[in-house]
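Working notes, beginning with the structure itself.
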Amino acid sequence: MTHQRYTAPAIALHWLVALGMLGAFVVGVYMHDLPLSPWKLKIYSYHKWVGVTVFLLALIRILWRLTHRPPVLPLTMPLWQRVAAEGMHHLLYLLMFAIPLTGWLMSSAKGFQTVYLGLVPLPDLLAKNPTLGDQLKEVHEALNFLMIALVAGHAGAAIKHHLVDKDDVLTRMLPFHK
């Protein structure tokens, strides 16, 4: 066992981003087929707010990660698993930025400005272009489903390490675990 833990801020950011992504995904699935109404527009605003918050938390998280080395993976892990874990983390970080960014681009292209928390108007990143907006919607959705698949693999690997390998890969990221 390595007996190393992530720092408290790293653990908090990990779980806040995870909860935010899960919440945004669930709301996104819910709002997808709603008929156009004031309710749908309100839900879209909430979805965007969560997306912007996830983006900001991911930015803080990546800055923290760049200045605070994560615990070393167990030396008993085969090299291919360590390489796969590092690759998985890079893809997850990439998607933490790409998903909110494609949502913002889509909103801009569809002509719907993002106003964070109903208070801070964010600049449109693209001129209004409904065709491009529809294409970006497809990209945004595809990236979300890719994220779900990667998160499932990430969680599955952590559980496998805990139950099969009996190492601390999972527990070192759990809050309130000593």
Side-chain angles (χ1 to χ4, degrees), residues 1-32 47-107 125 132 134-178:
M1 291 247 194
T2 60
H3 300 293
Q4 296 178 2
R5 289 186 48 77
Y6 281 87
T7 61
I11 292 169
L13 288 165
H14 174 273
W15 291 105
L16 285 171
V17 169
L19 288 172
M21 289 185 321
L22 177 63
F25 182 81
V26 169
V27 169
V29 169
Y30 167 72
M31 71 187 195
H32 187 267
H47 178 76
K48 290 179 184 185
W49 299 351
V50 173
V52 172
T53 302
V54 166
F55 184 87
L56 294 172
L57 288 172
L59 183 62
I60 294 167
R61 186 172 178 197
I62 196 83
L63 292 172
W64 185 264
R65 175 88 183 243
L66 290 172
T67 59
H68 297 79
R69 293 180 64 53
V72 178
L73 291 170
L75 298 176
T76 55
M77 277 179 70
L79 177 61
W80 73 267
Q81 285 183 12
R82 284 185 265 143
V83 170
E86 186 160 331
M88 174 75 76
H89 282 102
H90 285 107
L91 284 172
L92 290 168
Y93 277 109
L94 177 66
L95 289 174
M96 281 183 240
F97 292 102
I99 290 171
L101 188 57
T102 57
W104 187 3
L105 289 166
M106 173 185 61
S107 287
L125 299 177
L132 180 58
D134 290 341
Q135 292 169 339
L136 285 164
K137 179 182 178 187
E138 297 299 321
V139 171
H140 185 67
E141 289 175 359
L143 291 177
N144 272 282
F145 284 105
L146 176 59
M147 175 65 92
I148 291 297
L150 291 176
V151 167
H154 176 69
I159 292 167
K160 176 252 185 204
H161 276 279
H162 186 71
L163 297 177
V164 176
D165 299 338
K166 309 271 190 227
D167 60 30
D168 67 347
V169 168
L170 172 66
T171 58
R172 65 194 188 158
M173 185 50 90
L174 292 177
F176 314 114
H177 187 272
K178 298 292 177 197

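- Atoms CG and CD1, on Leu94 and Ile99 in that order, are 9.0 Å from each other to the nearest 0.5 Å.
- Exactly one of Glu138, Lys137, Glu141, His140 qualifies for a side chain to side chain donor-acceptor pair (under 3.5 Å) with Thr102. That residue is His140.
- Of all the heavy atoms in Val72 and Arg172, the pair that sits closest is O-NH1, 3.0 Å.
- His162 places no side-chain N or O within donor-acceptor distance of the main-chain N or O of Ala158, the cut-off being under 3.5 Å.
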Output side-chain donor-acceptor pairs under 3.5 Å for residues 7-29, partner residues at least two apart or in another chain, one line each.
residue : atom : partner : partner atom : Å
Thr7    : OG1  : Ala10   : N            : 3.3
Thr7    : OG1  : Trp64   : NE1          : 2.8
Trp15   : NE1  : Met173  : O            : 2.8

With side-chain contact (heavy atoms from CB on, under 4.5 Å) as the criterion, how do Glu86 and Val83 come out once you've worked through the C-alpha distance, each side chain's angles and the decisive distance to 0.1 Å? CA-CA 5 Å; Glu86 186 160 331; Val83 170; 5.9 Å; no

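- When all heavy atoms of Lys48 and Ser107 are compared, the closest pair comes out as CE-OG, 3.0 Å.
- To the nearest 0.5 Å, atom CG of residue Leu57 and atom OG1 of residue Thr53 are 6.5 Å apart.
- Checking side-chain atoms of Arg5 against main-chain N and O of Leu174 turns up a donor-acceptor pair under 3.5 Å.
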Please lay out, stage by stage, how His47 and Tyr30 fare under the test side-chain contact (heavy atoms from CB on, under 4.5 Å). CA-CA 10 Å; His47 178 76; Tyr30 167 72; over 6 Å; no

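- The CG atom of Asp167 lies 9.0 Å from the CG atom of Leu73; values are rounded to the nearest 0.5 Å.
- The CD1 atom of Ile62 sits 5.0 Å away from atom CG of Leu66, with the distance rounded to the nearest 0.5 Å.
- Atom CG of Leu59 sits about 11.5 Å away from atom CE of Met96, to the nearest 0.5 Å.
- Considering only residues two or more places apart in sequence or on other chains, Gln81 meets the side chain to side chain donor-acceptor pair (under 3.5 Å) condition with none of them.
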Working for side-chain contact (heavy atoms from CB on, under 4.5 Å), residues Leu170 and Leu163: CA-CA 10 Å; Leu170 172 66; Leu163 297 177; over 6 Å; no

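- Interatomic distance, His90 NE2 to Leu95 CG, rounded to the nearest 0.5 Å: 13.0 Å.
- In terms of heavy atoms, Pro100 sits closest to Gly51 at CB-O, 3.6 Å.
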